[in-house]
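For reference, positions follow the sequence shown, starting with 1. This is a predicted model, so every value here is computed, not measured.
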Amino acid sequence: MHIPLPSVLALAAILFCIGLYGALSKRSLIIVLVSLELMLSSVNINLVAFSQLGAFPNLRGQVFSLFTITVAAAEIAVGFAIVLAFFRFCKSADADDANSQKR
């Protein structure tokens with residue numbers, strides 16, 4: 001089954017915009033991290049969609065997508081560790097509290 005490229009690009013744009021809204025407007029550090037993951041997922045959708053273009057479709061987009069998934073998994077693990085350490089220190093996961101802890 002072939003899904004048209006504009007439909008895939010529209011889906012990726014919608015996911016990216018939702019992730020951008022969540023990253024910029026929410027105060028919870030957990031929501032911000034999840035929003036960043038949503039933005040990375042939309043980039044992966046674009047990579048896979050564009051890898052199927054051309055006369056000779058190849059796996060280059062899938063390989064790049066695999067690398068970004070690996071980096072995203074490492075990023076989310078480190079991010080959650082930082083959020084947990086901050087929560088233990090401040091008893092809050094609010095981004096405003098993180099900004100007030102500067103010394």
Side-chain angles (χ1 to χ4, degrees):
M1 183 172 157
H2 179 71
I3 301 173
L5 183 65
S7 299
V8 175
L9 295 180
L11 172 68
I14 290 169
L15 287 177
F16 189 85
C17 290
I18 292 170
L20 185 64
Y21 172 74
L24 294 178
S25 67
K26 300 301 178 188
R27 295 180 186 254
S28 173
L29 293 175
I30 306 262
I31 299 297
V32 170
L33 286 173
V34 170
S35 298
L36 289 173
E37 288 296 318
L38 191 61
M39 291 166 65
L40 285 172
S41 295
S42 70
V43 171
N44 286 336
I45 290 172
N46 281 335
L47 286 171
V48 172
F50 282 122
S51 73
Q52 297 301 316
L53 290 178
F56 303 105
N58 56 21
L59 295 176
R60 191 175 304 146
Q62 283 90 343
V63 172
F64 284 144
S65 183
L66 182 63
F67 284 133
T68 57
I69 289 170
T70 305
V71 169
E75 173 255 331
I76 202 70
V78 171
F80 276 133
I82 291 170
V83 169
L84 280 174
F86 179 76
F87 184 75
R88 286 182 183 166
F89 180 72
C90 295
K91 304 294 186 230
S92 172
D94 193 20
D96 289 337
D97 292 339
N99 194 26
S100 67
Q101 294 298 321
K102 291 182 180 178
R103 295 180 191 197

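Remark: Lys26 NZ to Leu33 CG distance equals 15.0 Å, nearest 0.5 Å. Distance check, rounded to the nearest 0.5 Å: OG of Ser35 to CG of Leu15 gives 11.5 Å. Between the CG atom of Leu9 and the CD1 atom of Ile3 there is a distance of 11.5 Å, given to the nearest 0.5 Å. Annotation: the span from Ser42 atom OG to Leu20 atom CG amounts to 9.5 Å, rounded to 0.5 Å. To the nearest 0.5 Å, atoms CD1 (Ile18) and CG (Leu38) are separated by 6.5 Å.
Clustering ILVMFWY residues whenever any of their side-chain heavy atoms sit less than 4.5 angstrom apart, transitively, puts Val8 in the very cluster that holds Leu11. One hydrophobic cluster, built from ILVMFWY side chains closer than 4.5 Å, cannot hold both Val71 and Val78; they sit in different ones.
When all heavy atoms of Leu36 and Ala23 are compared, the pair lying nearest together is CD2-CB, 4.5 Å. Across Leu40 and Ala72, no two heavy atoms sit closer than the pair CD1-CB, 3.6 Å.
Within a 6.0 Å radius of CZ in Phe80, more than 12 heavy atoms belonging to other residues, nucleotides or ligands are found.
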